[in-house]
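Fair warning: this is a prediction, and the values are worked out from it, not measured in the lab. Letters go in sequence order (proteins before strands), and every chain restarts at 1.
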2 protein chains.
Amino acid sequence: MSFKLEIETVRQQKLARYAKALGHPVRVYVLELLSKQSCCYSGDISQELPIAKSTLSQHLKELKDAGLIQGEIEAPRIKYCINKENWAEAQLLFKEFLKM
Amino acid sequence: MSFKLEIETVRQQKLARYAKALGHPVRVYVLELLSKQSCCYSGDISQELPIAKSTLSQHLKELKDAGLIQGEIEAPRIKYCINKENWAEAQLLFKEFLKM
DNA sequence: ATTTTATTTCGTAAAATTACGAACAAATAT
DNA sequence: ATATTTGTTCGTAATTTTACGAAATAAAAT
């Protein structure tokens, strides 16, 4: 009996998706910032980083599309927070993966 | 006294670099395979995956460039193994990051 | 009503990623 | 010597990523 390693599973695709979202220093920075202060505004982040606001906005969109963060409108600003449910999933997937 | 979160540090860049390398299902698969059997040949991997050999070769190159794997020539084949030193570093970086 | 504030979306451009098959290299087997 | 085996590199193409500034949006302040 041989155990064939699963290929291209949903699990692997999810892990890769989260990893991809973390594949840029700015996005790593943003997630770490959000973890430190639970939530924050786009402008707070923008002040610290030497990139255009529109560029930051794109990075935030990618984190959102990957499901790692979410934004609530608190006009005229937007409050970004970690998406706890998906973050927990990502943590689990990475933990399992790193154990290997 | 306020503690400003470090921005664009070497640590964040390293983490992002490793994450980026894991940002594709095939590369996640390869790393898991290598962890299961310590080492293996490109052909062994190729057999399992529905992608062209040249494409797999590119993915292997990216994992190698990111430092996560290494290849020893064992002509006419190449034996790929996990780069333990860098893998340990990646594990540590991710672990710290996930703790947040 | 108009201006200000905070942030996104649009338009654009350069660079990187992903994928394939064909051509190439290098050692082994015939 | 030549063919076979194992992988890589090359050439090419489509798509995605990254980045910027300008224009747009939408609520709040004046």
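Remark: Cys81(A) engages Cys39(A) in a disulfide bond (SG atoms under 2.5 Å apart) (not counting sequence neighbours). For Lys84(B), the side-chain hydrogen bond (donor to acceptor under 3.5 Å, both in side chains) criterion is met by no residue, not counting sequence neighbours. The ring pair (Phe, Tyr, Trp, His ring centres under 6.0 Å) check on Phe97(B) picks up Trp87(A), with sequence neighbours excluded.
Spacing between atom CD1 of Ile69(A) and atom C1' of dT7(C) amounts to 13 Å, rounded to whole angstrom units. Atoms CD (Glu74(A)) and C1' (dT5(C)) sit 15 Å apart, rounded to a whole Å. dT8(C) atom P lies 11 Å from atom NZ of Lys61(A), rounded to whole Å. Between Leu60(A) atom CG and dT17(D) atom P the separation is 16 Å, expressed in whole Å. The interatomic distance linking Ile78(B) (CD1) with dG7(D) (P) rounds to 7 Å, in whole Å. Taking atom NZ of Lys64(A) as the reference point, atom C1' of dT9(C) lies 12 Å away to the nearest angstrom. In this structure, the CG atom of Asp65(A) is 10 Å from the P atom of dT17(D), given to the nearest Å. Atom pair Ile45(A):CD1 and dA6(C):P shows a separation of 14 Å (rounding to whole Å applied).
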- Treat primed atoms plus P, OP1 and OP2 as sugar-phosphate and everything else as base, then score nucleotides 18-30 of chain D 5' to 3': B for base contact with protein heavy atoms under 4.0 Å, S for sugar-phosphate contact only, - for none. BBBB-----SS--
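Listed pair Tyr80(B) / dT8(D) meets the phosphate criterion, a side-chain N or O lying under 4.0 Å from OP1 or OP2.
Gln13(A) contributes no side-chain N or O that, together with a main-chain N or O of Pro25(B), makes up a donor-acceptor pair within less than 3.5 Å. The main-chain N or O of Tyr29(A) is never found under 3.5 Å from a side-chain atom of Glu32(A) such that the two would form a donor-acceptor pair.
Of all the heavy atoms in Val26(A) and His59(A), the pair that sits closest is CG1-CD2, 3.8 Å.
Rounded to 10°, the helix from dA1(C)-dT30(D) to dT30(C)-dA1(D) has 0° between the axis fitted to its first five pairs and the one fitted to its last five.
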Show me the donor-acceptor pairs, under 3.5 Å and distance only, between side chains in residues 61-78 of chain B and residues at least two apart or in other chains.
unit_1	atom_1	unit_2	atom_2	d
Lys61(B)	NZ	Asp65(B)	OD2	3.1
Glu62(B)	OE1	Arg27(B)	NH1	3.2
Glu74(B)	OE1	Tyr41(B)	OH	2.5

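In summary, of the residues considered (Arg17(B), Lys95(B), Lys14(B)), a salt bridge (charged side-chain N to carboxylate O under 4.0 Å, His left out) with Glu89(B) occurs for Lys14(B) alone.
The environment of CD in Gln37(B) is crowded: more than 12 heavy-atom neighbours from other residues, nucleotides or ligands sit within 6.0 Å.
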